[in-house]
Amino acid sequence: MIYLKTEEEIEWLRENNLLVSATLAELARHIRPGVTTLELDGIAEDFIRSHGAVPGFLGYNGFPNSLCVSVNEQVVHGIPSSKVVLKEGDVVSVDCGTFMKGFYGDSAYTFAVGEIAQEVSDLLRVTKEALYKGVAQACPGKRIGDVGYAVQEHAEKHGYSVVREMVGHGLGRKMHEDPQVPNYGARGRGPLLKPGMVICIEPMINMGTREIVFERDGWTVRTRDRRPSAHFEFAVAITKNGPDVLTDFSVIEKALDNN
Ligand code: MG
Ligand code: MG
């Protein structure tokens, strides 16, 4: 069942997703060689709580932390650990959620740790571009398949592959609502987009094979070939005037520029 949101509810969702964006910007100031992923988790939890929200992921389906932090070949759902120390040349995908005023925020960004290889930098750029291509389709009258087609087409044009097992989703009073939002698909197929829908578009794009493996910790997903993966996520409201992105990457990128 797809829940359409009122304008007021969309503003509460925006507040949540702007807090997620601000949290990711705070993390951008701390991501460097030598930091552990558990330290990042603590910074995020403190930041979220100090702004009157609770971490949306903590305890969600039993998840033990506030962030999903996935390094290099890890695709999503990496568990923060004091044993995972970031090093020069890594890429780290940080997925962050908040909950306040009865609604969730959910957005993700993949960061470079120091200088990274050109081919990895290209993967990050194309994954973010693919997200924007998907967002451009998030208009009334389009369908979920139009979003997925746009993401897939852009990623595959650059020789990358699209993870199939995990998908985007509706966002609201629950973290994962209908509809599912795959990062692949056929134009003109799937649920119709209507004003009031809020969806998370979140391409997970692999440099090599699209095949993934679930690690024994029960959460972490990695690429089968251990080549890198990237993940960017926006929450987007569908309005009569087109997509209204509730996430703000500009605050993250400003923080990165000032590092
Ligand atoms: Mg997310
Ligand atoms: Mg999500």
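For ligands, and for the atoms within them, numbers begin at 1 and follow the listed sequence.
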Enumerate donor-acceptor pairs with a distance under 3.5 Å from any side-chain N or O in residues 41-59 to protein atoms, sequence neighbours excluded.
from	atom 1	to	atom 2	distance (Å)
Asp41	OD1	Ser66	N	2.9
Asp41	OD1	Leu67	N	2.8
Asp41	OD2	Asn65	ND2	3.1
Glu45	OE2	Arg49	NE	2.8
Glu45	OE2	Arg49	NH2	2.9
Ser50	OG	Asp46	O	3.3
Ser50	OG	Phe47	O	2.9
His51	ND1	Phe47	O	2.7

**Request:** Would you please classify the geometry between the Tyr60 ring and the His176 ring as parallel, tilted or perpendicular, with 30° and 60° separating the classes?
**Result:** perpendicular

**Item:** Sub-6.0 Å ring centroid separation between Tyr149 and Tyr184
**Value:** no

**Message:** For the Mg ion (ligand 2), which protein N/O/S atoms fall under 2.8 Å? Skip waters.
**Reply:** Asp106 OD2, His169 NE2, Glu202 OE2, Glu233 OE2

**Request:** Assess Arg173 against Tyr104: is NZ or CZ under 6.0 Å from the centre of the six-membered ring, and within 45 degrees of the ring's axis?
**Result:** no

**Complete:** So the salt bridge (charged side-chain N to carboxylate O under 4.0 Å, His left out) pairs with at least one residue in residues 187-211 (sequence neighbours excluded) are Glu211-Arg224

**Message:** Could you list the cluster mates of Leu192? Members are the ILVMFWY residues connected by side-chain heavy atoms closer than 4.5 Å, either directly or through other members.
**Reply:** none

